[in-house]
Amino acid sequence: MTPKIRVEKLQEGLLAKRFGKRILFCHEVGSTNDWAKELSKLGAVEGTVAVVEVQTAGHGRLGRKWVSPEGGLWFSVILRPRQHPLEAAGLVFVAGLAAADVLHDVYGLVVETKWPNDVLASGRKLCGILCEMSTTGEKVGFAVIGIGVNVNFEVKEVFPKSLASTATSVKDELGRAIRLEELLRALLERLESVYDLLSERGLPAVIEKWKKYASFLGQKIEVTSVNEKSRGLALDVDGDGALLLKLDDGTVKRVHVGDVSLRRE
Ligand code: ADP
């Protein structure tokens, strides 16, 4: 069977200088983030990519399952950030901005970012992001950005009913399939340039651009953390990536990136 992602074809004309110079591809692994973490420990250089056609144990935050059938784009990029771990925690916004830019600018999709780590289209999840880091004291040993995009399948055909009602795919949105290797090439180029923006101008510059997709700002939302629920008006996302939520009693709560999920009320 011909692979859906031809690495040499992808690398032809790749404009990124570091991201995607080395790409490891196989049909199926448990999770590309887990694979990339193993590769990082073995010394893989910044920009190394692990990409597969199927993940059998894809995961989101807190070990939540990320369903990853054939036809999607499931990949991870290895980074060796020089920033302090607190600033490197902003990589989730680097990934979200890069994905939103590509899906919008290259494919014409109307997308929005959901704080902190998802990209939606038509109010449904199109792309999931999972950033993981290994730190020693004040330094980041390596970081892995994992990105999963539902691409060339219709969600109602491949996902269980409950998930099909909250997810969407490029095919569902555009009414046609696209080339996975072209999408990956564009994402790697964009990721590299947004990552460079983070290194040169810091997280506030990335957040500023990310906010143009943040349609939830100005809306009433519900934020769920591990053990509490808060409702309020989404005022802003500050330069550290924290969400400013105006509660009903008028106080402003600063919610840090963590185990938080957002819901429009
Ligand atoms: P959250 O939306 O709470 O930030 P995560 O980022 O941890 O969640 O992603 C895991 C959740 O995403 C799962 O619990 C499931 O609801 C949903 N999900 C799993 N696979 C997919 C997929 N391929 N497309 C869209 N949503 C998915």
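Each residue takes its place number in the sequence, starting with 1. Note that the coordinates shown come from a computational prediction; the quantities given were computed from them, not determined experimentally.
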**OP:** Please assess Ser40 against Arg80 for the test side-chain contact (heavy atoms from CB on, under 4.5 Å), listing each intermediate value before the final yes or no.
**Re:** CA-CA 9 Å; Ser40 303; Arg80 300 204 175 267; 4.0 Å; yes
Subject >> With Asp236, the salt bridge (charged side-chain N to carboxylate O under 4.0 Å, His left out) member among Arg254, Lys211, Lys246 >> reply: Lys211
Subject >> Pair Glu222 + Arg231, salt bridge at N-O below 4.0 Å >> reply: yes
Original post:
Between Arg185 and Glu182, is there a salt bridge with N-O shorter than 4.0 Å?
Top reply: no
Subject >> Audit row: Glu46, Ile78, side-chain contact (heavy atoms from CB on, under 4.5 Å) steps and yes/no >> reply: CA-CA 5 Å; Glu46 180 159 272; Ile78 293 169; 5.9 Å; no
Original post:
Does any non-hydrogen side-chain atom of Gln55 lie less than 4.5 Å from one of Pro69?
Top reply: no
Original post:
Taking side chain as C-beta onward, heavy atoms only, is Arg61 less than 4.5 Å from Pro116?
Top reply: yes
Subject >> In one Ile/Leu/Val/Met/Phe/Trp/Tyr side-chain cluster, 4.5 Å: Leu79, Val49 >> reply: yes
Original post:
Are Arg6 and Glu181 ion-paired here, with the side-chain N under 4.0 Å from a carboxylate O?
Top reply: yes
Original post:
Is Asp196 paired with Arg201 through a side-chain N to carboxylate O contact shorter than 4.0 Å?
Top reply: no
Subject >> Any side-chain donor near an acceptor of the partner, Asn33 and Ser31, under 3.5 Å >> reply: no
Subject >> Heavy-atom side-chain proximity of Thr56 to Val29 below 4.5 angstrom >> reply: no
Original post:
Any idea how Tyr195 and Phe19 line up, ring-wise: parallel (<30°), tilted (30 to 60°), or perpendicular (>60°)?
Top reply: tilted
Original post:
Do the side chains of Trp35 and Leu91 join up, straight or via other hydrophobic residues, at under 4.5 Å, putting them in one cluster?
Top reply: no
**OP:** Find out whether Glu70 and Phe153 are in side-chain contact, i.e. whether some heavy atom of one side chain is under 4.5 Å from a heavy atom of the other.
**Re:** no
Original post:
Between Thr166 and Arg124, is any pair of side-chain heavy atoms under 4.5 Å apart?
Top reply: no
Original post:
Side chains of His256 and Asp240: do they bring a donor and an acceptor to under 3.5 Å?
Top reply: no
**OP:** Please examine the side chains of Leu235 and Val252, heavy atoms only from C-beta on, and report whether any two atoms are closer than 4.5 Å.
**Re:** yes
Original post:
Are Val51 and Ile178 connected in the hydrophobic side-chain network, where two residues link if heavy atoms are under 4.5 Å apart?
Top reply: yes
Original post:
Can we say Glu132 and Lys37 salt-bridge, meaning some charged N sits less than 4.0 Å from an Asp/Glu carboxylate O?
Top reply: yes
**OP:** Check whether any side-chain heavy atom of His27 sits under 4.5 Å from a side-chain heavy atom of Val52, and report yes or no.
**Re:** no
**OP:** Mark yes or no for whether Gln11, through its side chain, and Lys21, through its backbone, hold a donor-acceptor pair below 3.5 Å.
**Re:** yes
**OP:** Answer whether the closest heavy-atom distance between the side chains of Leu73 and Asn150 falls below 4.5 Å.
**Re:** no
Original post:
Would Val111 and Val102 show up in the same hydrophobic cluster when neighbours are defined by side-chain heavy atoms closer than 4.5 Å?
Top reply: yes
Original post:
Are Leu197 and Trp210 co-members of a hydrophobic cluster defined by side-chain heavy atoms under 4.5 Å apart?
Top reply: yes
Original post:
In a check of side chain to side chain contact (heavy atoms under 4.5 Å, CB included) between Phe75 and each of Ile147, Ile23, Ile5, Ile145, which one passes?
Top reply: Ile147
Original post:
Are Lys253 and Ser230 close enough that a side-chain donor and a side-chain acceptor fall under 3.5 Å?
Top reply: yes
